[in-house]
Q: 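A single structure is presented below for examination.
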Amino acid sequence: MPKKKIIFLLGPTGIGKSAAAIILAKKINAEIISCDSMQVYRKMNILTSKASSAQRKKIKHHLLSKIDPTREYNVAKYRQDALLICEKLFRKGKTPLFVGGTGLYYSIIVDGLFPAVPQDKAIRTKLEKQLKQKGNKYFYRKLLKVDAGAAGKIHPNDTRRIIRALEVYLKTGECISQLQKNRVGLGKDYNIKVLGLNLDRQHLYDRINQRVDKMFELGLISEVKRLLKYKLSQTAQCAIGIRELKGYFDANYPLAEAKRLMQRNSRHYAKRQLTWFRKDKRIKWVDIKQKESPAQVALKLWKKLS
RNA sequence: GCCGAGAUAGCUCAGUGGUAGAGCGCGGCCCUGAAAAGGCCGGCGUGGGGGGUCCGAUUCCCUCUCUCGGCA
């Protein structure tokens, strides 16, 4: 029996993955699974450029608007949810088409998640308190003592990772650097195709800037204002636009500045995404031109699949 | 046309007689339970053109060009 096929469509924010994906999905009898860490949240539609309900009627989208923005979400949950949906699609005879720009989520599906422990609130609070009192250097030395392997890979200022490594050690007595070696990916059991969309940097940045302009036209301000009435989870509040608009609502700067920051942070984000994707040799890149329509892009993608 | 100010990084500008910095922008990279997050690295330059003084000029002098004010 041939291996079941899973397709990924990756690419930087704003490049036009979603629109092309819908057309591609139609052609290949696929349903779309979002590979995006922010589109899972409800009430964040304009902010995350989620597919419209009209688009969603054309092709079923999974893992969109699944979680309330007051709740936490993370890679492990994503993996669990996404694999479940994959199985469901296979039973229906559909091909899963993962679409998104969250490189870690992609990697976690394809390369696997090493068996570790979930976050532990109590341990974290303690560690964070210690970090505050003793400073980065001391904290880093602490990690160096218990897990030199991890310390070698983590910069002393990257306290978020240091906390995680220590958390794993305190919880399990094992080194995260050792655990990380045990990951089992999907490659053996499935036929995985990975497509990437790219556009020259200047035009990509133009698109990103324009997309932010568009968000404002569509009513971003009231959407975010509404969102801020809730106590957003730590993860949900990381979406680009929330912090930036909050500064405007708090009268720290004018609206134009909020928009400028959103555009800049989105550009930086796209750049980081490209860095992440660049080193992944499994990605088959499809270069698009500035003015290509979603249908044209979808056609190029489709050709790349055969 | 005259008077004044200026011309230094992609932009805004600082500074110095011993071949230049800052902020923003931009580029590169790392990444496993917060990943649209978090962290690291990089000045990316014919100092407007030409001449002079000097051991040595981006810095001082002359000149040309351009820009911005003001006066005509």
Side-chain angles (χ1 to χ4, degrees), chain A residues 10-14 17 34-41 44 47-50 67 69 71-81 100-121 123-124 128 131 136 139-140 149-168 171-172 175-185 201-202 204-205 208-209 211-212 215 224 232-245 257 260-280:
Chain A
L10 309 174
T13 186
K17 297 181 290 294
S34 161
C35 186
D36 185 296
S37 64
M38 290 300 156
Q39 293 188 356
V40 272
Y41 293 111
M44 294 172 35
L47 188 70
T48 63
S49 301
K50 234 178 259 174
I67 307 294
R71 291 184 41 213
E72 306 288 345
Y73 198 73
N74 61 44
V75 249
K77 286 178 182 159
Y78 176 76
R79 180 176 157 85
Q80 200 177 7
D81 292 344
T102 302
L104 180 65
Y105 284 13
Y106 150 69
S107 163
I108 287 302
I109 297 289
V110 174
D111 302 318
L113 180 74
F114 71 87
V117 288
Q119 284 189 16
D120 183 305
K121 255 269 155 69
I123 291 180
R124 279 197 170 226
E128 273 157 19
L131 170 66
N136 288 196
F139 216 62
Y140 181 72
K153 280 175 62 183
I154 303 174
H155 191 279
N157 289 345
D158 198 350
T159 54
R160 193 172 286 186
R161 289 208 167 72
I162 297 175
I163 285 181
R164 174 61 181 159
L166 287 171
E167 175 184 53
V168 169
K171 201 84 197 279
T172 65
C175 296
I176 194 170
S177 58
Q178 283 305 312
L179 292 170
Q180 279 173 343
K181 289 172 184 161
N182 312 317
R183 58 195 308 205
V184 181
R201 197 63 67 88
Q202 191 49 57
L204 175 64
Y205 283 0
I208 289 171
N209 293 156
R211 189 164 84 159
V212 172
M215 287 181 190
V224 174
L232 298 178
S233 69
Q234 203 173 29
T235 43
Q237 66 182 274
C238 286
I240 292 173
I242 291 180
R243 196 169 29 189
E244 293 82 351
L245 276 171
E257 175 65 2
R260 191 190 70 83
L261 290 171
M262 267 186 79
Q263 289 171 325
R264 183 197 62 187
N265 293 340
S266 300
R267 291 194 302 269
H268 288 351
Y269 168 49
K271 183 167 143 23
R272 260 180 286 132
Q273 286 177 299
L274 286 167
T275 298
W276 175 286
F277 294 140
R278 202 173 292 138
K279 69 180 175 204
D280 193 314

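Computed from a prediction, not measured in an experiment: that's the story for all the values here. Throughout, a chain's letter reflects where its sequence line sits, starting with A, and its residues are numbered from 1.
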Q: Would you mind reading off the distance between A:Gln178 atom CD and B:rU32 atom C1', rounded to a whole angstrom?
A: 15 Å
Q: B:rC61 and B:rC54: how far apart are their C1' atoms, nearest whole angstrom?
A: 12 Å
Q: Of the options B:rA35, B:rG33, B:rG27, whose atoms approach the side-chain atoms of A:Trp276 most closely?
A: B:rA35
Q: Checking A:Gln263 now: which residues fulfil side chain to side chain donor-acceptor pair (under 3.5 Å) with it, not counting sequence neighbours?
A: A:Asp213
Q: A:Ile208 has an atom CD1; how far is it from atom C1' of B:rG25, in whole Å?
A: 15 Å
Q: Please, what dot-bracket string fits RNA chain B when only Watson-Crick and G-U pairs with both distances under 3.5 Å count, crossing ones use [ ] and pairs to another strand use |?
A: (((((((..((((....[..))))((((((.......))))).)...(((((..]....)))))))))))).
Q: Does OP1 or OP2 of B:rU32 have a side-chain N or O of A:Arg164 closer than 4.0 Å?
A: no
Q: Would you say a side-chain N or O of A:Lys153 is under 4.0 Å from OP1 or OP2 of B:rC30?
A: no
Q: Working to the nearest 0.5 angstrom, can you tell me the gap between A:Lys17 NZ and A:Cys35 SG?
A: 9.5 Å
Q: What is the separation between atom CG on A:Leu47 and atom P on B:rA37, rounded to the nearest whole Å?
A: 12 Å
Q: Taking the nucleotide of RNA chain B with the nearest heavy atom to each, does A:Ile240 or A:Ala76 sit closer to the 5' end?
A: A:Ala76
Q: Mind jotting down which residue pairs meet the salt bridge (Lys or Arg N to Asp or Glu O under 4.0 Å) criterion with at least one end in residues 103-114 of chain A? Sequence neighbours excluded, please.
A: A:Asp111-A:Arg282
Q: Roughly how far, to the nearest 0.5 Å, is CD of A:Gln39 from OG1 of A:Thr48?
A: 4.5 Å
Q: Considering residues at least two apart in sequence or located in another chain, which fulfil the side chain to side chain donor-acceptor pair (under 3.5 Å) criterion with A:Arg124?
A: A:Glu167
Q: Please work out if A:Ser107 contacts a base, only the sugar-phosphate, or nothing of the nucleic acid, heavy-atom cut-off 4.0 Å.
A: nothing
Q: Could you grab the distance from atom CE of A:Met262 to atom CZ of A:Arg211, nearest 0.5 Å is fine?
A: 9.0 Å
Q: Given B:rU32, is OP1 or OP2 found less than 4.0 Å from the side-chain N or O atoms of A:Lys181?
A: no
Q: Give each protein N/O atom lying under 3.5 Å from an N/O atom of nucleotides 38-42 of chain B, with the pair distance.
A:
unit_1, atom_1, unit_2, atom_2, d
B:rG38, OP1, A:Arg243, NH1, 3.3
B:rG38, O4', A:Arg160, NH1, 3.4
B:rG38, O2', A:Asp158, OD1, 3.1
B:rG38, N2, A:Asp158, OD2, 3.4
B:rG38, N2, A:Arg161, NH1, 2.7
B:rG38, N3, A:Arg161, NH1, 3.3
B:rC40, OP1, A:Asn157, ND2, 2.8

Q: Base, sugar-phosphate or nothing for A:Ile242? Non-hydrogen atoms, less than 4.0 Å.
A: nothing
Q: Give, for atom CG of A:Asn136 and atom NE2 of A:His155, the distance between the pair rounded to the nearest 0.5 Å.
A: 9.5 Å
Q: Could you tell me the separation between the CG atom of A:Leu104 and the P atom of B:rC30, rounded to a whole number of Å?
A: 14 Å
Q: Among the candidates B:rC26, B:rC30, B:rG33, find the nucleotide nearest to the side-chain atoms of A:Phe114.
A: B:rG33
Q: Which value, in whole Å, describes the distance between the C1' atoms of nucleotides B:rG42 and B:rG48?
A: 28 Å
Q: Answer with base, sugar-phosphate or nothing: what part of the nucleic acid does A:Thr102 contact at a heavy-atom distance below 4.0 Å?
A: sugar-phosphate
Q: In chain order, what residues pass the side chain to side chain donor-acceptor pair (under 3.5 Å) check against A:Arg272, with sequence neighbours excluded?
A: none
Q: Give me the distance, rounded to whole Å, that separates B:rG38 from B:rG6 when you measure between the C1' atoms they each carry.
A: 44 Å
Q: Between B:rG27 and B:rU63, how far is it from one C1' atom to the other, in whole Å?
A: 40 Å
Q: P atom, B:rC60 versus B:rG69: distance in rounded Å?
A: 25 Å
Q: With a non-hydrogen cut-off below 4.0 angstrom, is A:Tyr73 in contact with a base, only sugar-phosphate, or nothing?
A: sugar-phosphate
Q: At 4.0 Å (heavy atoms only), tell me whether A:Tyr205 reaches a base, stays on the sugar-phosphate, or touches nothing.
A: sugar-phosphate
Q: Just checking A:Arg71: does its CZ atom have more than 12 heavy atoms from other residues, nucleotides or ligands closer to it than 6.0 angstrom?
A: no
Q: Which value, rounded to the nearest 0.5 Å, describes the distance between A:Lys171 atom NZ and A:Asp120 atom CG?
A: 4.0 Å
Q: In whole Å, measure the gap between the C1' atoms of B:rG43 and B:rA9 for me.
A: 7 Å
Q: Looking at A:Tyr105, does any N or O in its side chain come under 4.0 Å of the phosphate oxygens OP1/OP2 on B:rA35?
A: yes
Q: Rounded to whole angstrom units, what separation is found between the CD atom of A:Gln234 and the C1' atom of B:rG33?
A: 12 Å
Q: If the P atom of B:rU8 is compared with that of B:rC68, how far apart are they to the nearest Å?
A: 14 Å
Q: How long is the straight-line distance from NZ of A:Lys271 back to CG of A:Leu204, given to the nearest 0.5 Å?
A: 12.0 Å
Q: Under 4.0 Å, heavy atoms only, any strand: does A:Lys77 hit a base, just the sugar-phosphate, or nothing?
A: nothing
Q: Here's a test of your reading of the structure: between A:Asn265 and A:Arg124, which maps to the more 5' nucleotide of RNA chain B?
A: A:Arg124
Q: Send over the distance from A:Gln237 CD to B:rA37 P, rounded to a whole Å.
A: 12 Å
Q: What's A:Asp111 touching, base or sugar-phosphate or nothing? Going by heavy atoms closer than 4.0 Å.
A: nothing
Q: Taking CD from A:Gln273 and P from B:rG28, how many angstroms apart are they, rounded to a whole number?
A: 14 Å
Q: Would you please classify the geometry between the A:Tyr78 ring and the A:Tyr73 ring as parallel, tilted or perpendicular, with 30° and 60° separating the classes?
A: perpendicular
Q: Take atom OH of A:Tyr78 and atom P of B:rA35, then tell me their distance rounded to the nearest Å.
A: 12 Å
Q: If the C1' atom of B:rG56 is compared with that of B:rG17, how far apart are they to the nearest Å?
A: 8 Å
